[in-house]
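Reviewing the structure listed below.
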Amino acid sequence: MNGKWMEVITEYFRTNKDLYLEMVSTHIKISLIALLIATVIGIGGALLVSGNERAQKILSAVFQTFRVVPSLAVLILLIPIMGTGIMPALFALTLLAVPPIFMNTISGLTSASPFTIETAVGMGMTKRGTFWKVKWPLARPMILAGVKTAAIEIVASATLAAKIGAGGLGEIIFTGLGLYRMDLILIGAVSVATLSLMTGLILDGADKLLVPWK
Amino acid sequence: MNAITFTNVSKQFPKTNYKAVKSVSFEIEEGELVTILGSSGCGKTTLLKMVNRLYDPDEGDIVLFGENIRDVDPVVVRRRIGYVIQQSGLFPHMTIEDNISTVPKLLKWDRKKQQERCRNLMELVGLDYEKFHKRYPHELSGGQQQRVGLARALAVNPKIMLMDEPFGAIDAINRLNLQDELKKIHRETNQTILFVTHDINEAFKLGNRVMIMNEGKICRFDTPQNVIRQPGDAFTQSLVQSAMDQEKFWREYRD
């Protein structure tokens, strides 16, 4: 049995190597772009409303609501509006990823202890200086945690993007499901899982680099 | 010249119906180490924080070295004054060296001068530069952190130091050491120090004058000897009495 599986899988890679690599690269590309946009929106949005508690509450509520809608539903709902392909996939994945980054940035920026802030001000830091030299760096670990959550969710959900023709590793899985080809499903699933794990590891590495004081 | 002059200074916080500090006036000469003693809520911290404009008084004038601080940008006032609080308030994301160099950096000293100053300061507060300068605050004990806090406040050799129960959270033995070192530093630098505490022994040991506060007012402001000999009002009397009772308690147990 084992031997047979190995044979089938080796055969797949021998004949479909280029296709496989392309799907991996599409998957990574979609994920990276979505993560980048979500990071800009999430952190930027949080910075814009930092200091305005009302706006923070409203935006948090809005993002939380979006987050509850399953990505697959968003993808399907987008078809009449944006059609199929990469754009609607990017849109749905970004929507999924903004909330954790936004929320974590907000709570990160309020995580500095009041005593730390008091001494910063007491020693003569300006409001701006206190923000960029104290509040912002102390928020980084939480922001990074938010980005990590978002990245892993994106990599996993990007699989669904194949459903609307955006490509990526989902294609192998959906093809496998359609053809009852367990080997394809297995290859797809293991690849996505590996990519997710690697994403987590890379961002853990970034954590060590950006947060040396922990 | 007087280092610090308060004239009829009052402060009431919004949403309260009492004054935290009630029309307080006093003068402190350059080079004095004044301890402010009182129970919590007596206004001692409020009074301290008005000196570096963390709070602004509602009434009255505060003059530092002939300059009314109302007319000076708060940021400028604060950079001239050393400030230490109980919780050390060290920046957890900065190394010990960067923490100590906070104000030199704000004042844009060149790197070499910063580093040299940091080395001297760490020596002054009894911390080995090579061993500690690259560490982060959480890697230090409470006593060591407070030494760093002290070094940081001393960084630009400010003429005035404000200390808000700086040794309050430190165990008894370390506290005594730190008190002795503060006295030594004070002798060497001739800075004017305002030191808030609720520990009567600390207040009388450190201060060359002790300011006793109760309910927003100054009850007594005199040398430790004079206060002990003639406590004056009832509040001061009870304070001195409580310290003596405590001493009696220790003696009884020893004998």
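All values derive from a computational prediction rather than experimental measurement.
Using cut-offs of 30° and 60° on the angle between ring planes, the pair B:His93 and A:Trp213 is perpendicular.
Atom NZ of B:Lys134 has 12 or fewer heavy atoms from other residues, nucleotides or ligands within 6.0 Å. Heavy-atom neighbours of A:Glu53 CD from other residues, nucleotides or ligands within 6.0 Å: at or below the threshold of 12. For B:Tyr18, the OH atom is loosely surrounded, since the number of other residues' heavy atoms within 6.0 Å does not exceed 12. Within a 6.0 Å radius of NZ in B:Lys19, no more than 12 heavy atoms belonging to other residues, nucleotides or ligands are found. Around atom CD of B:Glu29, no more than 12 heavy atoms belonging to other residues, nucleotides or ligands sit under 6.0 Å away.
Contact annotation for residues 115-129 of chain A against chain B (heavy-atom separation below 4.5 Å, listed by residue number): A:Phe115, A:Thr116, A:Glu118, A:Thr119, A:Ala120, A:Val121, A:Gly122, A:Met123, A:Gly124, A:Met125, A:Thr126. Identified by a heavy-atom distance below 4.5 Å to chain A, the contributing residues of residues 99-115 of chain B are B:Thr102, B:Val103, B:Leu106, in residue-number order.
Using a 4.5 Å cut-off between heavy atoms, A:Pro212 touches chain B through backbone and side chain atoms alike. Only the backbone of B:Leu90 comes within less than 4.5 Å of a heavy atom of chain A; no side-chain atom from C-beta onward does.
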